[in-house]
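To start, the structure itself, in structure tokens.
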Amino acid sequence: MTQKIIVIKGDGIGPEIMDATLAVLNALKLDFEYEFKEAGLAALESQGDLLPQNTLDAISATGVCLKGPLTTPVGKGFSSINVAMRRYFKLFANVRPVITFPGTMARYENIDILTVRENT
């Protein structure tokens, strides 16, 4: 079954990072279909909005978004795009599990940590 993923390439080094990420995902031959949307400076230039409603609607419809780094203009009255997205989608917590894998040359062994960070 095909999984549609909304892709926001991002600003600055974002497009380069996203191209590399998509190359890795494509090499895995997963059944992904990408729909490219804008946010950040690219969206501001083309649509006059840092976080266009059509981008938010597309993410809501698929429930999946792969996002590169986004720039929020400094000193121009804009609030953080990342925080706005977190609030819009009610993404309260960022949960990051960390474990060591047997047979890897990790600095430490037997690591099993769960970090929960408040996002908004």
Side-chain angles (χ1 to χ4, degrees):
M1 180 176 161
T2 300
Q3 172 64 57
K4 184 182 279 189
I5 298 175
I6 303 304
V7 177
I8 301 171
K9 286 199 167 191
D11 302 316
I13 64 168
E16 183 179 351
I17 292 169
M18 191 57 67
D19 288 345
T21 300
L22 295 176
V24 169
L25 291 175
N26 290 334
L28 294 171
K29 300 194 184 306
L30 302 169
D31 199 11
F32 291 156
E33 175 187 338
Y34 306 115
E35 182 178 338
F36 295 89
K37 292 292 182 181
E38 291 182 331
L41 296 179
L44 183 62
E45 290 174 11
S46 68
Q47 301 179 51
D49 191 353
L50 287 168
L51 191 53
Q53 189 61 48
N54 66 8
T55 297
L56 295 171
D57 292 343
I59 297 168
S60 292
T62 63
V64 181
C65 178
L66 188 58
K67 176 187 80 63
L70 295 173
T71 301
T72 300
V74 177
K76 296 183 179 167
F78 296 107
S79 60
S80 168
I81 303 167
N82 292 315
V83 172
M85 288 181 78
R86 292 174 192 149
R87 287 183 177 150
Y88 185 86
F89 293 108
K90 297 179 175 68
L91 301 174
F92 176 77
N94 180 350
V95 180
R96 295 185 179 196
V98 179
I99 61 170
T100 50
F101 290 99
T104 60
M105 295 182 63
R107 185 172 183 173
Y108 301 102
E109 295 181 17
N110 302 316
I111 300 295
D112 187 357
I113 300 172
L114 181 66
T115 304
V116 179
R117 177 176 170 242
E118 189 261 330
N119 267 342
T120 55

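All heavy atoms count here, side chains included; hydrogens, waters and symmetry mates do not.
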Step-by-step side-chain contact (heavy atoms from CB on, under 4.5 Å) determination, L50 to L70: CA-CA 9 Å; L50 287 168; L70 295 173; over 6 Å; no

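Partners of R96 under the side chain to side chain donor-acceptor pair (under 3.5 Å) rule, at least two apart in sequence or in another chain, are N94.
If you take CG on D112 and CD1 on I99, they are separated by 6.5 Å, rounding to the nearest 0.5 Å. The CE atom of M18 lies 4.0 Å from the CG atom of L66; values are rounded to the nearest 0.5 Å. With values rounded to the nearest 0.5 angstrom, Y34 atom OH is found 10.5 Å from Q3 atom CD. The NZ atom of K37 sits 10.0 Å away from the CD1 atom of I8 when rounded to the nearest 0.5 Å. Atom CZ of F32 is separated from atom CG of L25 by 6.0 Å, given to the nearest 0.5 angstrom. Between atom NZ of residue K9 and atom NZ of residue K67 there is a gap of 15.5 Å, rounded to the nearest 0.5 Å.
V64 and V95 fall into different hydrophobic clusters, where Ile, Leu, Val, Met, Phe, Trp and Tyr are joined by side-chain heavy atoms under 4.5 Å apart, directly or via other members. Grouping the Ile, Leu, Val, Met, Phe, Trp and Tyr side chains by contacts below 4.5 angstrom, directly or via other members, places Y88 with I6. Under a hydrophobic clustering in which Ile, Leu, Val, Met, Phe, Trp and Tyr are joined whenever their side-chain heavy atoms come within less than 4.5 Å, directly or via other members, V98 and V116 fall into different clusters.
For the pair D11 (side chain) and L41 (backbone), a donor-acceptor distance under 3.5 Å is present. No donor-acceptor distance shorter than 3.5 angstrom exists from the side chain of T62 to the backbone of I5, with no hydrogens or angles considered. Remark: side-chain polar atoms of N119 are not paired, donor with acceptor, to backbone N or O of R86 under 3.5 angstrom. Counting only distance, with no hydrogens or angles, the side chain of T100 and the backbone of I111 share a donor-acceptor pair below 3.5 Å. Although no hydrogens or angles enter the test, the distance criterion places no donor-acceptor pair under 3.5 Å between the side chain of T55 and the main chain of L51.
When every heavy atom of A39 is checked against every heavy atom of P52, the shortest pair comes out as CA-CD, 4.3 Å.
Summarising the local packing, CD of Q53 is surrounded by more than 12 heavy atoms from other residues, nucleotides or ligands at distances under 6.0 Å. Annotation: L30, atom CG; neighbour count of heavy atoms from other residues, nucleotides and ligands within 6.0 Å is above 12.
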